[in-house]
Amino acid sequence: MKVRFAPSPTGALHIGGARTALYNWLVARGSGGSLVLRIEDTDRERSTPENVAQIIDALEWLGLDWDEGPISQAERGERHRAEIARLVDEGHAYEDEGAVRLRVPGEGATVVDDVIRGEVRFAHAAIDDFVIARSDGSPLYNLAVAVDDRDMDITHVVRGEDHLSNTPRQLMVLKALGAEPPTYAHLPLLHGPDGKKLSKRHGAASVGELRAAGYLPEAVRNYLALLGWGADATTTFFTTEDLIERFSLERVSRNPAVFDEQKLRWMNGRYLRELEPGELARRLAQLHGDRPGLVEAAGAAQEKLQTLADFWPLAGFLVERPREIDQRAWQKVMGDGALDRLAEARAALAAVDPFEREEVETALRGVVDRLEVKPKDVFQPIRVAIAGTTVSPGIFESVAALGRDEVLARIDAALAQRP
RNA sequence: GGGGGCGUGGUCUAGUGGUUAGGACGCCGGCCUUUCAAGCCGGAGGUCACGGGUUCGAUCCCCGUCGCCCCUACCA
C-alpha cells in the first residue's frame, strides 16, 4: 500500500489533520507500505513556508514519519500544466474565459467506492464543468491532486470526509487522463463540543497547542486513534505497536466525532503516571526548561498530574521558592496554635537523618502523636509554610524533595510572620 | 436552491432480526486519607433522531421526515 498525507499549509496542523496523518501512518506501517508527505500549496496566496515548517514540526513531535517528501505540489506546476494541455488537446477540457474547464458528461454518474462508506453515487447532472486551471494557467486543486496521486502511484487515498464530494471530480480527471483510480477512504470529520467545525474557539485545537498544554505525543496518538475507530468493545489503551497491528480502515466509523479534551486529559494522566520520574522530569524540562531538583519534584507530583502543564501550579514550589504565602491559605490553617505546632515540626525535622521520605514521615507522625492532634493540624501548616498554598503533592515527599535546609528556611520565614 | 454524507446516554464508541443495548470519559455517592488528586467500590443517565412499513419480533432491513455537517470557488 502506498498512501499520502496531503495537508494544505494555510494554517497550523489541526487535530483533524493530525488524525488523518495518524491513520495514514498506521495504514502504511501496518502494511509494510509507504507514506508520502505532500504539501498542497497550489494556493500561493494562503500557503506559507512558516506553516509548512509548523506542520512538519507537529508531525515530528507526534512521532509520525514519512518515506517520501515533503513534496511541494506547487513545484510540480510544469507537470500539471502539461497534463492540462493534453486534456485540452484530447478534447476532455476546454478554455472558458481564459480558464480551463473539464467536460462533465450530461448524463450518467460517477460512483465512488469508499472503504468506509461503501458505494456513493454522484449523478453527472449535478456537477458542472469545473475549472482545472486558472486563467493565468496555474493548476487547481482537483487537477493537481488527481495528477499527483497518479504520478506518485498512490494506492489508497485516506482523507477527511469534506473531500468526498470532490472525489467524483478527481475520478473524472483520472479517467480523462486514462489512469486507474486509487481506493478511497473518507474519514468522519471532527467537530467541537458545539457540533461546529473544530476551531480555535474550542480550546487546544492544534497540535502545537496540545504540545504547549503539556500532553504527551503517545497519549495524543492513542486518543486520536480512538476518535473514529475502535478495535473492539472494550479496549481503550493501545501502545503504538498495538495500533499499527490492529488498526484497519474497515473499522473506522462513519459519524463525525466531537473532540473531548477532558477525556484526553484523563488519558494523558494515565500515560504520565506510567513514566519513570526521570523520564517525566525530562519531558517537563523539554516544556519549561530544566531546574535543579526537578526529578525529585516530578516524582512527588506525578500521581496528581494530568498534563505536564499541571506541574507548575501544583508543584512549582518544589523547584522555586514561592514569592509569598497565599493569604487565604494562611488564614485558613495558621490560626489557633498552628504556629506552635509548626515550631514543633521544625524541631523534629531538624533532627531527621537521613532526610528521606520514610524518616520524614516517622518524625512528623511522631509530632502528631506527641501533640495529640489530628494529622492535618500539623501537616497543613507545614504545607502552607513550604508551598504557600493548601494544595500540594504529598507532604512527606514534598518535604523530602525540598531538602532539609530549604524546608527549615521556609518554616522559619513563616514563623517570623507571627503577629 | 442542487448534490452528498451522517444520526446508539452530555461525549467517544461496541453490538445483534429475539441480550437486563456492552465499555470508556464526564457526573453523583462511598471507601481511602495530611490537602488535592489518583486508586478502588457503587449509582444515576439511552423510547438505539422521529414517523411509517416488512416481519411472529426490529436499534439492526426498506421508505419518508427532521436535524447536523460537507461539496456546489479561477480555495484546498
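Order of the sequence lines sets the chain letters (A, B, ...), proteins ahead of strands, with each chain counted from 1.
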Would you kindly give the CZ-to-P distance between Arg254(A) and G4(B), to the nearest whole Å?
18 Å
Heavy atoms of other groups near Arg283(A) CZ, more than 12 under 6.0 Å
yes
CZ of Arg44(A): more than 12 outside heavy atoms within 6.0 angstrom?
yes
Checking Asp96(A), Asp129(A), Asp128(A) against Arg101(A) for salt bridge (charged side-chain N to carboxylate O under 4.0 Å, His left out), the one that qualifies is Asp96(A)
Heavy atoms under 4.0 Å, any strand shown: does Thr389(A) hit a base, just sugar-phosphate, or nothing?
nothing
Partner lookup for G29(B), please. Criteria are Watson-Crick or G-U wobble with both distances under 3.5 angstrom; report none if nothing qualifies.
C41(B)
Whole-Å distance, Tyr271(A) OH to A24(B) C1', equals 14 Å
Which value, in whole Å, describes the distance between the P atoms of nucleotides C41(B) and C69(B)?
40 Å
Rounded to the nearest angstrom, tell me the gap between atom CZ in Arg341(A) and atom P in U35(B).
14 Å
Rounded off to whole Å, could you give me the CG-to-P distance for the Leu190(A) and C68(B) pair?
20 Å
Would one find more than 12 heavy atoms of other residues, nucleotides or ligands at under 6.0 Å from atom CD of Glu279(A)?
yes
U16(B) and U59(B), which share atom name C1', separated by this distance in whole Å:
9 Å
C74(B) to C48(B) separation - P atoms, rounded to the nearest Å:
45 Å
Using a cut-off of 4.0 Å on non-hydrogen atoms, how would the nucleic acid contact of Tyr223(A) be classed: base, sugar-phosphate, or nothing?
nothing
OP1 or OP2 of G5(B) sitting under 4.0 Å from any side-chain N/O of Asn255(A)?
no
Kindly check if the number of other-residue, nucleotide or ligand heavy atoms within 6.0 Å of CG (Asp336(A)) is above 12?
no
For the P atoms, the ones on G45(B) and on G64(B), what distance do you get once it is rounded to whole angstrom?
36 Å
If you measure only the distance, is there a donor-acceptor pair under 3.5 Å linking the side chains of Asp41(A) and Ser72(A)?
yes
Separation of C25(B) atom C1' from Met267(A) atom CE, nearest Å, is 9 Å
Distances under 3.5 Å between nitrogen or oxygen atoms of protein and nucleotides 18-23 of chain B:
| unit_1 | atom_1 | unit_2 | atom_2 | d |
| --- | --- | --- | --- | --- |
| G22(B) | N2 | Ala233(A) | O | 3.1 |

Ignoring hydrogens and angles, state whether a donor on the side chain of Thr167(A) or His186(A) is under 3.5 Å from an acceptor on the partner side chain.
yes
Side chains of Tyr141(A) and Asn166(A): any donor to acceptor distance under 3.5 Å?
no
Do the side-chain N or O atoms of Arg117(A) get closer than 4.0 angstrom to the phosphate oxygens (OP1, OP2) of G4(B)?
no
Quantified in whole Å, what is the P atom distance between nucleotide C50(B) and nucleotide U55(B)?
23 Å
Mind checking the C1' distance from C62(B) to C25(B)? Whole angstroms is fine.
36 Å
Check ion pair Glu83(A)-Arg79(A) (N to O, under 4.0 angstrom):
yes
RNA chain B: Ala125(A) or Gly230(A), which has the more 5' nearest nucleotide?
Ala125(A)
How is Arg121(A) classified with respect to the nucleic acid when contacts are heavy atoms under 4.0 Å: base, sugar-phosphate, or nothing?
sugar-phosphate
Protein proximity profile, nucleotides 69-76 of chain B - base contact B, sugar-phosphate-only contact S, no contact -, cut-off 4.0 Å on heavy atoms:
SBSS-BBB
Quick one: do the Asn24(A) and His156(A) side chains pair a donor with an acceptor below 3.5 Å?
no
Looking at every strand, decide which applies to Leu227(A) at a 4.0 Å heavy-atom threshold: base, sugar-phosphate, or nothing.
sugar-phosphate
C1' atom, G57(B) versus G10(B): distance in rounded Å?
32 Å
Watson-Crick or G-U counterpart of U59(B), or none if no pair lies under 3.5 Å:
none
Distance-only side-chain donor-acceptor flag, Gln73(A) / Arg76(A), under 3.5 Å:
no
Identify the residue among Trp25(A), Phe238(A), Trp229(A) that makes a ring-ring contact (aromatic ring centres under 6.0 Å, His included) with Phe247(A).
Trp229(A)
Quickly work out the Glu361(A) CD to U33(B) P distance and round it to whole Å.
12 Å
Would you say Arg251(A) places a side-chain N or O within less than 4.0 Å of OP1 or OP2 belonging to G15(B)?
yes
Distance, rounded to the nearest Å, where Met334(A) contributes CE and U35(B) contributes P
16 Å
Which whole number of Å gives the distance between the P atom of G30(B) and that of A37(B)?
14 Å
Tell me: CG of Asn222(A) to C1' of C12(B), nearest whole Å?
12 Å
Closest nucleotide of RNA chain B for Ile116(A) versus for Asp260(A): which of these residues is on the 5' side?
Ile116(A)
My understanding is that a pair needs two contacts under 3.5 Å, Watson-Crick or G-U wobble. By that rule, which nucleotide pairs with G64(B)?
C50(B)
Which letters describe nucleotides 36-48 of chain B, given B = protein heavy atom under 4.0 Å from base, S = only from sugar-phosphate, - = neither?
BBSS---------
Can you see which heavy atom on Ala387(A) is nearest to which on Pro322(A), and at what distance?
O-CG, 3.6 Å
N-O pairing of Asp57(A) and Arg211(A) below 4.0 Å:
yes
